[in-house]
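One structure is given below, encoded as structure tokens.
Naming: A, B, ... by sequence-line order, numbering from 1 per chain.
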Number of protein chains: 2
Amino acid sequence: MIASGGLEALSLREVARRLGISHQAPYKHFSSRDHLLAEVIRRCLKDFADALRSSAFDEAGQPRTAEDAMRTLGFVYLDYAARHPLQYRLMFGTPWPAVAHDIGLAEDARAAFDVLRARLNAIRKRDDHTLDLDAMFVWSSIHGIASVVESEAMRHLNFSEDKAREAVLHAVRMIDRIVFEDRHA
Amino acid sequence: MIASGGLEALSLREVARRLGISHQAPYKHFSSRDHLLAEVIRRCLKDFADALRSSAFDEAGQPRTAEDAMRTLGFVYLDYAARHPLQYRLMFGTPWPAVAHDIGLAEDARAAFDVLRARLNAIRKRDDHTLDLDAMFVWSSIHGIASVVESEAMRHLNFSEDKAREAVLHAVRMIDRIVFEDRHA
DNA sequence: CCGATCGAGTTGACACTGTCAACCACGCAT
DNA sequence: ATGCGTGGTTGACAGTGTCAACTCGATCGG
């Protein structure tokens with residue numbers, strides 16, 4: 001339902017209708033529309049974190065090197081955002097419903113962020129206090145790319161399909177340079 | 001209204017009520033809620049582009065150097081997003097209403113993007129075909145920072161107020177390095 | 001075995017929304 | 001003078017989230 005028509009198209013009554021139950025039945029399971037929404041977001045976050053974690057292994061199930069795992073993480077992140085635009089928007093694109101804080105949604109988000117932090121830590125020569133700062137930079141940059149792609153901003157800016165793809169690769173390369181530059185020094 | 005309660009809190013009827021007119025009067029000026037919303041977004045885009053352009057001059061009204069103008073652009077961008085979180089979210093955080101395309105909203109967005117592209121072009125030694133790609137990278141990165149700040153994600157991730165500020169500066173420094181690195185070479 | 005309890009579903013109502021339709025009043029140009 | 005567009009009105013309709021009260025069946029303690 002969210003897929004066809006955006007977030008506002010999610011209606012508890014329509015959900016109930018499609019399930020063939022009364023319009024109040026959902027309230028026996030979720031105390032409000034926002035609680036349902038928050039639970040949906042939680043599932044997205046868990047699924048997303050799983051996807052990120054899986055990037056530590058290659059197709060054959062063999063563990064990747066730390067460097068490879070880090071690079072793959074970025075691609076898996078962007079791939080996930082591209083493949084599941086609605087889930088991605090739910091998690092990071094729209095403000096969480098107010099009840100999200102009450103039911104501890106932030107912890108699930110932290111789990112996803114910790115994957116990135118751990119990967120980043122694994123490729124550092126020495127650990128100083130900038131790990132969190134670097135991780136935040138990488139995340140915000142990758143997130144920026146993902147949300148630009150997801151918002152179709154590039155189509156609005158008259159980027160061709162090819163140029164848009166090139167722009168994503170270009171941006172990833174820039175971040176790659178930052179992340180790995182002190183290793184080449 | 002959007003400020004207190006999010007986008008969904010914008011109701012044409014409530015608007016009319018506050019204006020002391022009938023619930024149908026707004027329809028004489030906007031053919032639908034989405035058209036009103038799109039027009040609001042257009043104003044935001046124009047105001048935003050103006051703010052970006054103004055960053056070419058310092059407090060005394062004197063033009064900045066190209067390098068200075070480029071750096072200031074980034075800070076003005078982040079400052080605008082921080083000061084006008086709702087406007088920013090409207091422009092770049094939530095999907096545009098469908099009618100946005102019909103009334104040519106994309107052109108206003110392009111005007112803002114063109115400011116960045118022009119600034120970036122002014123500091124390049126040689127112009128090749130990567131200007132758009134670089135501009136898109138800078139924009140997506142800055143946008144990533146802005147939306148992370150705006151979403152209060154850092155509070156959810158247990159970043160202290162100070163650490164969050166530091167993270168923003170850190171990220172800006174990283175982008176700065178990329179943007180200016182070939183000039184120092 | 002029986003009655004209480006509780007989970008899950010029901011119907012009905014209420015206030016709210018966006019939108020369509022019809023109707024009305026005024027200013028202005030032909 | 002007349003016609004018409006502009007901005008305003010009221011009334012209706014379908015759809016929404018949510019509160020309240022009711023029902024029904026299973027499950028469990030005595």
Length of the [atom1]-[atom2] vector between [X] and [N], whole Å:
X: B:His29; N: C:dG18; atom1: NE2; atom2: C1'; answer: 17 Å
X: A:Glu8; N: C:dC16; atom1: CD; atom2: P; answer: 19 Å
X: B:Phe30; N: D:dG8; atom1: CZ; atom2: C1'; answer: 16 Å
X: A:Glu14; N: D:dG17; atom1: CD; atom2: C1'; answer: 14 Å
X: A:Tyr27; N: D:dT16; atom1: OH; atom2: P; answer: 11 Å
X: A:Arg17; N: D:dT16; atom1: CZ; atom2: C1'; answer: 9 Å
X: A:Asp34; N: D:dT16; atom1: CG; atom2: P; answer: 16 Å
X: A:Ile21; N: C:dT11; atom1: CD1; atom2: P; answer: 11 Å

Determine whether more than 12 heavy atoms belonging to other residues, nucleotides or ligands lie under 6.0 Å from atom CD of B:Glu107.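 No - once you tally the heavy atoms of other residues, nucleotides and ligands closer than 6.0 Å, there are 12 at most.
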
Give one of base, sugar-phosphate or nothing for B:Leu10, where a contact means two heavy atoms less than 4.0 Å apart.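 Here B:Leu10 touches the backbone only, sparing every base.
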
For B:Ser22, report the nucleic acid contact type (base, sugar-phosphate, nothing); a contact means any heavy atom under 4.0 Å.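 Base, at least one base atom sits under 4.0 Å.
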
Return the orientation label for the A:Trp96 and A:His101 ring planes: parallel under 30°, perpendicular over 60°, tilted otherwise.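 Plane angle between 30° and 60°, so tilted.
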
Any donor-acceptor N/O pair under 3.5 Å between [N] base and [X] side chain:
X: A:Lys28; N: C:dG7; value: no
X: A:Arg13; N: D:dG17; value: yes
X: B:His23; N: D:dG11; value: yes

Does anything in residues 41-68 of chain A pair up under ring-ring contact (aromatic ring centres under 6.0 Å, His included), and if so which pairs, sequence neighbours excluded?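 For residues 41-68 of chain A: A:Phe48-A:Tyr77, A:Phe48-A:Tyr80, A:Phe48-A:Phe92.
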
Sequence neighbours left out, what pairs pass ring-ring contact (aromatic ring centres under 6.0 Å, His included) with at least one residue falling in residues 22-42 of chain A?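 Not a single pair qualifies under ring-ring contact (aromatic ring centres under 6.0 Å, His included).
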
Nearest to side-chain heavy atoms of A:Leu12, which nucleotide of C:dT19, D:dT9, D:dG17: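 Shortest atom-to-atom distance from the side chain points to D:dG17.
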
Which distance, rounded to the nearest 0.5 Å, do you find between the CZ of A:Arg43 and the CD of A:Gln87?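 Spacing of CZ (A:Arg43) from CD (A:Gln87) equals 12.0 Å.
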
Short side-chain N/O contact from A:Ser32 to OP1 or OP2 of D:dG17, under 4.0 Å: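 No, no such contact exists.
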
